Number of protein chains: 6
Amino acid sequence: MTSSMHTPLRIAATALLVAAAPISAMSETTEERRKRGDAVIKHLNNGAPQQVLERMRQEFPFLADATEAYALGDVWSRPGLDDRTRQLAAVAAFASLGLTAYMKVHAGYALNVGVSEDELKEIIYMITVPAGFPRAIAASQALSELFTERRAMPARPQ
Amino acid sequence: MTSSMHTPLRIAATALLVAAAPISAMSETTEERRKRGDAVIKHLNNGAPQQVLERMRQEFPFLADATEAYALGDVWSRPGLDDRTRQLAAVAAFASLGLTAYMKVHAGYALNVGVSEDELKEIIYMITVPAGFPRAIAASQALSELFTERRAMPARPQ
Amino acid sequence: MTSSMHTPLRIAATALLVAAAPISAMSETTEERRKRGDAVIKHLNNGAPQQVLERMRQEFPFLADATEAYALGDVWSRPGLDDRTRQLAAVAAFASLGLTAYMKVHAGYALNVGVSEDELKEIIYMITVPAGFPRAIAASQALSELFTERRAMPARPQ
Amino acid sequence: MTSSMHTPLRIAATALLVAAAPISAMSETTEERRKRGDAVIKHLNNGAPQQVLERMRQEFPFLADATEAYALGDVWSRPGLDDRTRQLAAVAAFASLGLTAYMKVHAGYALNVGVSEDELKEIIYMITVPAGFPRAIAASQALSELFTERRAMPARPQ
Amino acid sequence: MTSSMHTPLRIAATALLVAAAPISAMSETTEERRKRGDAVIKHLNNGAPQQVLERMRQEFPFLADATEAYALGDVWSRPGLDDRTRQLAAVAAFASLGLTAYMKVHAGYALNVGVSEDELKEIIYMITVPAGFPRAIAASQALSELFTERRAMPARPQ
Amino acid sequence: MTSSMHTPLRIAATALLVAAAPISAMSETTEERRKRGDAVIKHLNNGAPQQVLERMRQEFPFLADATEAYALGDVWSRPGLDDRTRQLAAVAAFASLGLTAYMKVHAGYALNVGVSEDELKEIIYMITVPAGFPRAIAASQALSELFTERRAMPARPQ
């Protein structure tokens, strides 16, 4: 049920060390938050940078920094939920809102931290209830694409 | 982190037995699905029936039956996710969609199956990212009400 | 299944005469559009003015005029759909979007033009599929209120 | 106004027979519900299976079964609304929610059961009021595609 | 802060003259409203007609007329907000609702009436708060495309 | 068109000084960001703290801190948009999303920084186009309440 076998140990360890720092510490600098966000993304993304984020950096620097420092550095690094649960809940939220492309990204992260394909399917089945069938069907199509892409990948980092 | 101390053993056992049946079995009758839904709701709701559902039964019988047989009996009883994870993901979905009243109900179920108040707070913090701050703040207010109501309750079933 | 017995004939006739005018005629004035909207609302609302609209008139005159001239005078008076079908489709749209108060108003209009309570319930059952169960349950609660209020009414106009 | 000339009689008859069964009968099995859903889809889709549904069957079997047994078999087969009204209300719901691809599918079903292109346009005009102009414009573009595709089709089943 | 250098003076002047007419005058005809809408679109679009609108005219004439007469002629021509502020608020609304294609069109209009690229970016940064990060990121990607397209354009009208 | 007569000079000056600091500076601490957020809220709210924010602080400290440090300290303090434009765009976003209570709060801030009631009404009229009439009508009702409450207030800070 748990598995971090395809998560390089070094990155996981870095992430844990960073996450162990007092997270919402008032004395922390934005540079420190941004670095923790960078560690989070590498932890979730098998050590690779996040392409969407990198493309924003030039033209929308505040949005790239906010995603890194706030979304990833402040929120996603919080210790109160384990990686698997947070990713599954995030997939439920993105799919329910019809944010299918973001759901696919976070479903990929979920697989990277040891969530199974079957668990992702269960989330999709569940959201028929709060969000209706079309949102679930759209999410299932994005998941199918993701599963296919990953089976075709020779190496790990996406 | 785990706790089923305020879930009567008898109900949990019933739910498990029912859930152990071949869930999407094609030979299953709607009456059997509806009964499993009833066991699910009692398992989540500390043995009590769900008030909203009961009020619908007279005037909107198909909606009451569909909620019971499909939403609870088919979806919520599936074995692929544990209760805690499904409830946390459901809370994320309801809160992201601005369905605050339903989020509150499912947050109550989450507490009943051993989720902690702090874990629910983490879900609320997380949804600032996919759904924005107002959805998270509205959800936090509903959670505050829920926590207050439960601390004021003498007995367990809500 | 059809019934216009509680729709005063005089109003219905006025509405039909107005609706028979070339509706999107480019030579039509806004005053004429607004008057047709007024006839539409009286036709739908058993001869009574629409309270929400009247309250907007003082502080938000453009919004009141636009609702009357565009929403009711241009759109709702179009001859291509019969009253019953337009009201049922509108109820489906409002309920799906979670605009429960507006759904209740248009469900009342639907009853006034001969739609049955059972047909409104069918719309609510249907939207579980595109919009999920919570939107349908919220709509069912608003419909229950509407049915109760109308049974308590001594006279017809609401 | 009504037309089932391009709906093969055999399928319509099957659908009616199935629909005449006690629909939410508690003794009905899921296999029976799924079969009724299959008859509904063939009735709406000119005798052809639904491609999206078939593609889901392998990887997301529960979602395919739930769409067939619940959405189509339980909801769409209910006798309280005629096919034309249900399809028009469904088009209004899908278009209002911005679920354009699903709206296009159900608009195709609507044409198959005798709804006219002009009636579909009226639904699109109507949703400018509850859902705003962009949702209506997006829906009009999908309808234009649908109308064009169907005029290019040599045979009936899509 | 203000700039109309790439807005042909003739069009701006026409728009102002038209806009100076008593806008919601009850004696105004729909043809007059439609003409004012046409002047508004040409003012916003550097003298060129709006392609999406023109494509709708044949098959969805009421929607084309309503967009022109109501959305542009009645609403967008109102004198109570300057062009720049209305366009920035519209971009915020479209982006928050996930209506990215419409946001891109209105961001182009905003640039045409003198809004800077940096001001558009600020709107995108702002909507992370009400609407969440994915809506802002999607909007940033559409803005990037728009900026690139305009830098590649030899002439002004788009 | 501009007016800061009911904004105490001292607070405005503080806000400007704080805002003049290098805003997304990587060396800035969270405490500094939080303090700037506090200055922003007092600037917008006539020197008074924000009640909703204060109520969250005890039970949802991360959400209170994130609202203060990120939403207000990072986003709302950015110099690229003037206060009036940002508030009008924010009102458009909140109203379009149906977040009426938050729209009301930000409309109050808008009035505090010199936006007129008529300008707020124009935003409400505008959103009928992207978001439909019900969202605009709901926003108009919240604005009516706000205008009434403020006329009844003896003193300035709300």
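We name chains A, B, ... by the order of the sequence lines, and we start the count at 1 in each one. The shown structure was predicted, so the numbers you read here are calculated from the model rather than taken from an experiment.
For F/Ala136 against C/Leu63, the heavy-atom pair with the smallest separation is O-CD2, 3.8 Å. Residue F/Arg135 comes nearest to C/Leu97 through the heavy atom pair NH2-O, 4.1 Å, listed as atom of the first residue, atom of the second, then distance. When every heavy atom of F/Lys121 is checked against every heavy atom of C/Glu59, the shortest pair comes out as NZ-O, 2.8 Å.
Note that CG of C/Leu99 is 13.5 Å distant from CZ of F/Phe133, once rounded to the nearest 0.5 Å.
Heavy-atom neighbours of F/Gln58 CD from other residues, nucleotides or ligands within 6.0 Å: at or below the threshold of 12.
Residue C/Ala64: no heavy atom, backbone or side chain, is found under 4.5 Å from chain F. With a threshold of 4.5 angstrom between heavy atoms, F/Thr128 approaches chain C through side-chain atoms but not through N, CA, C or O. Proximity to chain C involves both the backbone and the side chain of F/Ile137, based on heavy atoms less than 4.5 angstrom apart.
Between C/Phe62 and F/Tyr125, the ring planes lie tilted relative to each other; the angle falls in the 30° to 60° range.
Among F/Pro134, F/Gly132, F/Gly98, F/Ser144, the residue making the largest number of heavy-atom pairs under 4.5 Å with chain C is F/Pro134. Counting heavy-atom pairs under 4.5 Å between each of C/Phe94, C/Tyr70, C/Tyr102 and chain F puts C/Tyr102 at the top.
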